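Structure first, commentary second.
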Amino acid sequence: MNLERLPNEEKLSLCRKYYLGGFAFLPFLWLVNVVWFFREAFLKPSYTEQLQIKAYVKRSALGLLLWVAVLTTWITIYQHFRAEWGEVGDYLSFTIPLGIP
Amino acid sequence: MNASDSDEDIYNERSALVRSESPALPSYIPDSDLTPPNGTPTKRLKAGISRRPGAAAADGGGSDPEVEAEEEELTLKYGAKHVIMLFIPVTLCMVVVVATIKSVSFYTEKTDQQLIYTPFTENTSSVGRRLLNSVLNTIIMISVIVVMTIFLVVLYKYRCYKFIHGWLILSSLMLLFWFSFMYLGEVFKTYNLAMDYPTVGVIIWNFGAVGMICIHWKGPLQLQQAYLILISALMALVFIKYLPEWSAWVILGAISVYDLVAVLSPKGPLRMLVETAQERNEPIFPALIYSSAMVWTVGMASPNETQRSEPDEEAEQSDGRAEPPSRHSRLLPEDEMEEDRGVKLGLGDFIFYSVLVGKAAATGGDWNTTLACFVAILIGLCLTLLLLAIFKKALPALPISITFGLVFYFSTDFLVQPFMDNLAAHQFYI
């Protein structure tokens, strides 16, 4: 799918759908949105829909940052305290490393 | 992991789809409705130029040898570019598979679990028995593939598109979620990392959902290509794990032969699929093929998009339908922009190439064998694309590459390797 060849309304619609889709716990979708539409939103000469696309890209970036913060925090907490949590830690674990640290 | 039937289904669908996948012939290009009727001089088709009806008609009139030579040159030049465009994804796929095989031991562990399509075990006492079992396994596997292919062609003929799409979606769902979940688990176990369910859930959910969106709907081209490469690699890894040793090699050989027959013989299912699609003026399952460039037609944005977004797992599954590139001749005055269709290669080809190289990495002596197979496959791909540029019709991409790969594997493993080892042992440099 090449953005160059889409009419502007369709670009806007696509950007919007990606933005809305990201709310289903899909920060990756927001990342794709930001990267893919970045040039369209900020580096192209302006056209009517560009303002809205810019808004969507900015909001996607915001959502992405939020998710990254939350995930990083959680992963840090988990990795640090997993051993101490005992049973709860094991219950949460998908893989448990073997051996003695 | 239990090798459940669903794995089989995936395989079947994929390989079956592969079979049924038929590449579009040059005249079959999406905007074929623009093309003039068959009366068009073959010279235009020969040069592989995409259609612009008015210009084509005008072009067809004056058959200038100079013009023709220039067009041929253009075709060859772009043919070379397309070879490179295919080398990269094929290489990437093989690299992913080999890297996984070499690092994650799960995929090379001996397991007694086998797919139900290869029911005969290879843990037999005698060599003859083992050989017989592997041949029987191959026969079963190939017949399953043939049946699935014919089923697919029948479905396509009777326009059961919903069924096909549903099948494809189910199969890619399985690959994107279940197999990647397993893969991630094994990678974490190999590197002895702790990982919790919530994080894994988020990762797999994101990977799978964005994958489904990119492959079956609309997404950035590079991301779609990346996903196609990844799912081919995952599929290849499953095969490497669950196909018994000798059966795998015999299956590879048999599939190349089947591919040749199915695509080139007049009654082959894949050929019938191509012809049916041609009659209906439809693209053949575009989503299941790896495409190296965007197809677009000047002034016809929508047909392109709909065809792009058609879920075509089957097409992807199809092995080796490389579509010839069509290029706008710059001699046509009204064509300002280039239409570079790129070359398409079925996902099944990716899978079987990677199976060959992965098996070589898993069971071969050392890196010599792996590299030899890798080079052999690329050479085969090159030759296939060359033939494609010459014949300009759908060709099977498996036979040449797999043949070279098999030859190189066995000769390297049994001849070159011991030779090199001996030389090294005796410190004899040549």
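Because the structure is predicted, anything quoted here is derived from the model rather than measured. The chains referred to below are lettered A, B, ... by the order of the sequence lines, with proteins before strands, and numbering in each begins at 1.
Using a 4.5 Å heavy-atom threshold, the side chains of B:Phe188 and A:Pro97 count as separate. Put simply, the side chain of A:Asn8 reaches to within 4.5 Å of the side chain of A:Lys11, judged on heavy atoms.
Of the possible polar contacts, one joining the B:Thr100 side chain to the B:Val96 backbone as a donor-acceptor pair under 3.5 Å is found. Under the 3.5 Å distance criterion, the side-chain polar atoms of B:Lys218 are left unmatched by any main-chain donor or acceptor of A:Leu14.
A centroid separation of 6.0 Å or more is found between the aromatic rings of B:Phe207 and B:Phe177.
A 6.0 Å sphere centred on CZ of A:Phe25 holds no more than 12 heavy atoms belonging to other residues, nucleotides or ligands.
Annotation: residues 27-56 of chain A contacts chain B through A:Pro27, A:Phe28, A:Leu29, A:Val32, A:Trp36 [non-hydrogen atoms, separation under 4.5 Å].
A:Leu71 touches chain B through its side chain: at least one heavy atom from C-beta onward sits under 4.5 Å away, while N, CA, C and O do not. When heavy atoms are compared at a cutoff of 4.5 Å, A:Tyr78 approaches chain B solely by way of its side chain, counted from C-beta outward.
The shortest non-hydrogen separation linking B:Cys214 to B:Leu223 is SG-CD2, 3.2 Å. Contact detail for A:Ser93 and A:Arg82: the closest heavy-atom pair is OG-CD, 3.7 Å.
Ranked by heavy-atom pairs shorter than 4.5 Å toward chain A, the options B:Leu184, B:Val200, B:Val202 are led by B:Val200. Note: B:Asp196 leads B:Asn192, B:Asp196, B:Leu193, B:Ile213 in heavy-atom pairs under 4.5 Å with chain A.
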